[in-house]
Amino acid sequence: MASSDAEASVVRPDASDLERAAEAALRPRRLDEFVGQHVVRDQLSLILDAAAGRGKAPDHVLLSGPPGLGKTTLAMIIAAELGTSLRVTSGPAIQHAGDLAAVLSSLEENEVLFLDEIHRLARPAEELLYVAMEDFRVDVVVGKGAGASAIPLSLPPFTVVGATTRAGLLPAPLRDRFGFTAHLDFYSAEELERVLSRSAGLLGVPLDAEAAGEIASRSRGTPRIANRLLRRVRDWAQVRGDGRLSLEAARAALEVYEVDPLGLDRLDRAVLTALCMRFGGGPVGLTTLAVAVGEEPETVETVAEPFLVREGLVGRTPRGRIAMPAAWEHLGLTAPAASGTLFT
Ligand SMILES: Nc1ncnc2c1ncn2[C@@H]1O[C@H](COP(=O)(O)OP(=O)(O)OP(=O)(O)O)[C@@H](O)[C@H]1O
């Protein structure tokens with residue numbers, strides 16, 4: 001998604017470059033500051049303590065889950081807890097196997113290599129990565145064609161932390177090279193309230209408990225969105241209020257940014273409205289639906305749809321997308337009697 005799209009909406013879970021800079025200040029630095037995800041935290045803490053006790057690099061770690069739930073944050077925490085540095089790259093940034101070989105061969109002992117969007121690595125780079133992760137070796141190919149030969153180059157021990165929003169797209173041989181795989185889940189409203197009160201403390205703004213509750217309930221279970229909404233409420237309180245982040249300030253600011261009580265934004269509502277009003281509740285194909293709302297199919301599928309499906313507003317069927325009863329209700333519309341047959 002283009003960064004301009006991300007900046008245009010406060011509730012999309014992706015982050016633009018500007019957004020990332022604002023986020024950096026709010027990132028938890030250590031495992032005990034990381035809110036929620038208790039099981040993952042506990043498992044990770046065992047792995048890190050054991051590795052520290054042995055004085056060795058821990059197993060490779062794969063983190064999966066939707067955007068904005070803390071994968072990058074956890075990778076940084078892993079490096080910090082191990083007292084080592086973090087090298088960051090991503091699947092799309094690696095065009096050729098040689099690019100990855102260059103990164104791997106410059107790693108220092110026990111460093112952590114964060115590979116974001118690992119499902120987007122090109123196949124030759126993926127194959128090079130298997131060997132590097134398993135045998136701590138890269139084969140540097142010299143020459144071309146029949147005269148080409150591979151010179152093995154040993155690497156110091158290191159840990160790969162891979163992150164993906166699409167774990168299902170990872171080929172099994174790559175998945176198998178990770179000794180620990182964790183799936184991050186959406187956060188509860190109570191956990192998001194804790195994220196918000198920590199962030200408000202760091203920003204030095206007074207956040208009322210009711211306001212924290214209101215923002216949390218409209219944050220789509222996502223800390224990145226919670227922090228973003230907090231900053232927008234802070235702006236409102238500073239410019240139009242008395243500086244205090246009260247319930248009133250939260251509601252007024254969220255109205256200005258068109259975040260509705262479920263946390264839906266303009267694109268979500270456009271999708272629901274098109275589904276119900278133009279297509280009678282569906283089923284309708286993704287491409288047709290995307291044209292109707294003036295967006296790319298990929299944006300509708302990866303940005304709007306997961307949350308709408310999770311909230312039970314949209315259903316996916318082999319014949320296309322359908323509006324669920326909750327969608328009609330949310331828009332204040334009455335479902336046509338015939339649409340009931342879609343669910344039987
Ligand atoms: N468990 C948490 N506790 C407190 N803050 C969190 C937590 N998880 C995420 N955050 C906040 O949310 C922001 C987004 O997190 P992060 O960048 O780690 O997400 P991500 O899963 O890597 O997203 P993407 O896949 O889009 O890169 C961080 O800046 C951090 O402030």
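These values consider heavy atoms only, across backbone and side chains, with no hydrogens, waters or symmetry-generated copies.
By the 4.0 Å N-to-carboxylate-O rule, Asp135 lies too far from Arg177 to be salt-bridged with it. The residues Glu305 and Arg321 are annotated as salt-bridged, a charged nitrogen and a carboxylate oxygen being separated by less than 4.0 angstrom. For the pair Arg30 and Glu33, the salt-bridge criterion is not met [side-chain N within less than 4.0 Å of a carboxylate O]. A salt bridge is absent between Glu191 and Arg194: the closest approach of a Lys/Arg side-chain nitrogen to an acidic carboxylate oxygen does not fall below 4.0 angstrom.
The closest donor-acceptor contact from the side chain of Asp268 to the backbone of Asp265 lies under 3.5 Å. Here the side chain of Thr288 pairs no donor or acceptor atom with the backbone of Val284 at under 3.5 angstrom. Judged purely by atom type and a 3.5 angstrom limit, Tyr187 has no side-chain atom pairing as donor or acceptor with the backbone of Gly36. Checked by atom type and distance alone, the side chain of Arg269 pairs as donor or acceptor with a backbone atom of Leu264 at under 3.5 Å. Checked by atom type and distance alone, the side chain of Glu81 pairs as donor or acceptor with a backbone atom of Leu31 at under 3.5 Å. The backbone N or O of Glu210 sits nowhere less than 3.5 Å from a side-chain atom of Asp208 that would complete a donor-acceptor pair. Looking only at distances, a side-chain donor or acceptor of Thr317 sits under 3.5 Å from a matching main-chain atom of Arg319. In this structure, Thr299 contributes its side chain and Glu295 its backbone to no donor-acceptor pair below 3.5 Å. With hydrogens and angles disregarded, no donor-acceptor distance shorter than 3.5 Å links the side chain of Lys71 to the backbone of Thr165.
Residues Trp328 and Val271 share a single hydrophobic cluster, defined by chaining ILVMFWY side chains whose heavy atoms lie under 4.5 Å apart. Put simply, Val35 and Leu203 are part of two different groups of oily side chains (I, L, V, M, F, W, Y) that touch within less than 4.5 Å, one to the next. Clustering ILVMFWY residues whenever any of their side-chain heavy atoms sit less than 4.5 angstrom apart, transitively, puts Val138 in the very cluster that holds Leu113. Under a hydrophobic clustering in which Ile, Leu, Val, Met, Phe, Trp and Tyr are joined whenever their side-chain heavy atoms come within less than 4.5 Å, directly or via other members, Phe114 and Leu174 fall into different clusters. Under a hydrophobic clustering in which Ile, Leu, Val, Met, Phe, Trp and Tyr are joined whenever their side-chain heavy atoms come within less than 4.5 Å, directly or via other members, Trp236 and Leu247 fall into different clusters.
Considering OG1 of Thr181 and CD of Gln43, their distance stands at 10.0 Å, rounded to 0.5 Å. Remark: Glu329 CD to Thr334 OG1 distance equals 10.0 Å, nearest 0.5 Å. Note that the CZ atom of Phe34 and the CZ atom of Arg29 stand 13.5 Å from one another [nearest 0.5 Å]. We find the CD-CG distance between Glu127 and Leu121 to be 11.0 Å, quoted to the nearest 0.5 Å. To the nearest 0.5 angstrom, Phe186 atom CZ is 10.5 Å from Gln37 atom CD. How far CG of Leu207 is from CZ of Arg234: 12.0 Å, rounded to the nearest 0.5 Å.
One side chain, Asn227 or Ser199, offers a donor N or O that lies under 3.5 Å from an acceptor on the other. Inspection of the His119 and Thr164 side chains reveals an N or O donor paired with an N or O acceptor under 3.5 Å.
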Determine all donor-acceptor pairs shorter than 3.5 Å in which one atom belongs to a side chain in residues 140-155; sequence neighbours excluded.
none

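Nearest approach of Glu117 to Pro92, heavy atoms of both residues: CB-CD, 3.8 Å. When all heavy atoms of Pro58 and Ile47 are compared, the closest pair comes out as CB-CG2, 3.9 Å. Between Glu214 and Ser217, the closest heavy-atom pair is O-OG, 2.9 Å. A pairwise comparison of heavy atoms in Ala211 and Ala250 identifies CB-CB, 4.1 Å as the closest pair. For the pair Phe180 and Val40, the tightest heavy-atom approach, listed with the atom from each and the gap, is CZ-O, 4.4 Å. Residues Ala327 and Cys276 share a closest heavy-atom pair of CB-SG, 4.4 Å.
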*Would Val314 and Ile322 satisfy side-chain contact (heavy atoms from CB on, under 4.5 Å), going step by step from the backbone distance to the final call?*
CA-CA 6 Å; Val314 168; Ile322 53 170; over 6 Å; no

_What verdict does the side-chain contact (heavy atoms from CB on, under 4.5 Å) test give for Arg228 and Val259, after you've listed the backbone C-alpha separation in whole Å, the side-chain angles of each residue and the deciding distance to 0.1 Å?_
CA-CA 12 Å; Arg228 197 180 290 168; Val259 182; over 6 Å; no

*Stepwise, does the side-chain hydrogen bond (donor to acceptor under 3.5 Å, both in side chains) test hold for Ser64 with His183?*
CA-CA 5 Å; Ser64 70; His183 180 76; 2.9 Å; yes

_Checking Leu245 against Leu230 for the side-chain contact (heavy atoms from CB on, under 4.5 Å) test, could you report, in this order, the C-alpha distance in whole Å, the side-chain angles of both residues, the deciding distance, and whether it holds?_
CA-CA 9 Å; Leu245 278 64; Leu230 177 71; 3.6 Å; yes

*Let me see the working for Leu69 and Asp185 under side-chain contact (heavy atoms from CB on, under 4.5 Å), right down to the final yes or no.*
CA-CA 7 Å; Leu69 298 193; Asp185 239 319; 5.6 Å; no

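Using a 4.5 Å cut-off on side-chain heavy atoms (C-beta onward), Leu275 and Leu313 make no contact. At least one side-chain heavy atom of Leu62 sits under 4.5 Å from a side-chain heavy atom of Ile118. Leu86 is not listed as a side-chain neighbour of Val161, based on a closest heavy-atom distance of 4.5 Å or more. Contact of the Thr222 side chain with the Pro66 side chain is not registered, since no non-hydrogen atoms from C-beta on lie closer than 4.5 Å. Annotation: side chain of Ile94 is in contact with side chain of Thr89 (closest heavy-atom distance under 4.5 Å). Side chains of Pro28 and Thr73 form a contact here, defined as non-hydrogen atoms less than 4.5 Å apart. Residues Val61 and Ile78 have side chains in contact (heavy-atom distance under 4.5 Å, counting atoms from C-beta outward). Side-chain contact between Leu128 and Asp139 is absent, with no heavy-atom pair separated by less than 4.5 Å.
Identified under the salt bridge (charged side-chain N to carboxylate O under 4.0 Å, His left out) test for residues 90-114, with sequence neighbours left out: Arg87-Glu111.
A 6.0 Å sphere centred on CZ of Arg166 holds no more than 12 heavy atoms belonging to other residues, nucleotides or ligands. For Glu248, the CD atom counts as loosely surrounded, since its 6.0 Å shell holds 12 or fewer non-hydrogen atoms of other residues, nucleotides or ligands. Within 6.0 Å of atom CZ in Arg240, 12 or fewer heavy atoms from other residues, nucleotides or ligands are found, so the atom counts as exposed in its surroundings. Counting heavy-atom neighbours within 6.0 Å of Arg278 CZ, excluding the residue itself, gives a total of 12 or less.
Using bins of under 30°, 30° to 60° and over 60° for the plane-to-plane angle, the ring pair Phe158/His60 lands in the tilted bin.
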